[in-house]
Amino acid sequence: MIIILLGPPGAGKGTIAVEIKKKIDIPVISTGDILRNAIQDGTKLGQEAQDFVNSGKLVPDFLIMKIIENRIIQQDCNHGFIFDGFPRTIHQAQEFDSISHQLKKKIDQVFYFEASHEVIIERLSSRRVCSQCGMIYNLNYNPPRIQGKCDQCGGALIQRDDDQVDTIEKRLKVYQNDTLPLVHYYQGKKLLTTINADQDVQDRFKEVWEKLTELNLVGEN
Ligand code: AMP
């Protein structure tokens, strides 16, 4: 099964990806996480991507496609995967269409998380992530039990560089120009379901799960 989570930064795609994974054991592929890890580890990819990621710009398509091509042929992807943050341009989507065609796989559903500007800004500026395991928190809705520490692994919680207000605005502009056209692209392929992403996690997930059930992609529970 291939599921794509599409939407602006702060729409809660990452949180929903984790919820889906709890129920269906297929990996979440977050290009943002892969890039941040590469930057932290100082790999060649990390060095090439660093300036783009930190300034809120898109990493060039050829680098992203290399990441995707290498990741989806890993064994844990045999039964499918969830894309969080990919594709982000029409060109990436077209490239993935041709890769999946070659691999005889198909996209099952694209969920478009539509969120209002105020909600996005509020969510991103109060988002904290675990520097060790990547678990996502929100200081207002989903705070850690101990301030500054991850509930799961005890790692330090940090604010991403690109979650600073100036960079958030830049990322939203990039999203409007480069990524939003994908809504139309997948609508044309009859693969798109719109989710009201202003809702809390439970309600967002409920809508996603209902759709997956309706499509017979998952069982009832
Ligand atoms: P995210 O964690 O998905 O918000 O991604 C963080 C940053 O990584 C983005 O602002 C981009 O700089 C970069 N990035 C992640 N995914 C992609 C992608 N599919 N195409 C281009 N750049 C990406």
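A salt bridge (Lys or Arg N to Asp or Glu O under 4.0 Å) with Asp97 holds for exactly one of Lys189, Lys105, Lys106; it is Lys189.
Contact detail for Asp76 and Pro27: the closest heavy-atom pair is O-CD, 3.2 Å. Residues Thr31 and Gly85 come closest through the heavy atom pair OG1-O, 3.1 Å. Residue Leu182 comes nearest to Ala93 through the heavy atom pair CD2-CB, 3.6 Å, listed as atom of the first residue, atom of the second, then distance. The shortest non-hydrogen separation linking Cys133 to Gln152 is SG-NE2, 3.5 Å.
Transitive grouping of hydrophobic side chains (ILVMFWY, heavy atoms separated by less than 4.5 Å) brings Ile4 and Leu103 into a common cluster. Clustering ILVMFWY residues whenever any of their side-chain heavy atoms sit less than 4.5 angstrom apart, transitively, puts Leu58 in a cluster other than the one holding Phe96. Residues Ile72 and Ile26 fall into different hydrophobic clusters, defined by Ile, Leu, Val, Met, Phe, Trp and Tyr side chains chained together at heavy-atom separations under 4.5 Å.
Between Gln164 atom CD and Ser125 atom OG the span is 10.0 Å, to the nearest 0.5 Å.
A salt bridge links Lys21 with Asp25; the closest basic N to acidic carboxylate O contact falls under 4.0 Å. Salt bridge annotation for Lys206-Asp203: absent, with no cationic side-chain nitrogen under 4.0 angstrom from a carboxylate oxygen. One finds no salt bridge joining Lys57 and Asp162 here, because no Lys/Arg side-chain nitrogen approaches an Asp/Glu carboxylate oxygen to under 4.0 Å. Under 4.0 Å is where a charged nitrogen must lie from a carboxylate oxygen, and between Lys66 and Glu69 no such pair does. With respect to the salt-bridge test (charged N to carboxylate O, under 4.0 angstrom), the residues Arg123 and Asp198 do not qualify.
Using modelled atom types, one finds a donor on one side chain and an acceptor on the other under 3.5 Å when comparing Ser126 with Asn138.
Between Phe83 and Phe86, the angle of the ring planes goes over 60°, which puts this pair in the perpendicular group of the 30/60° scheme.
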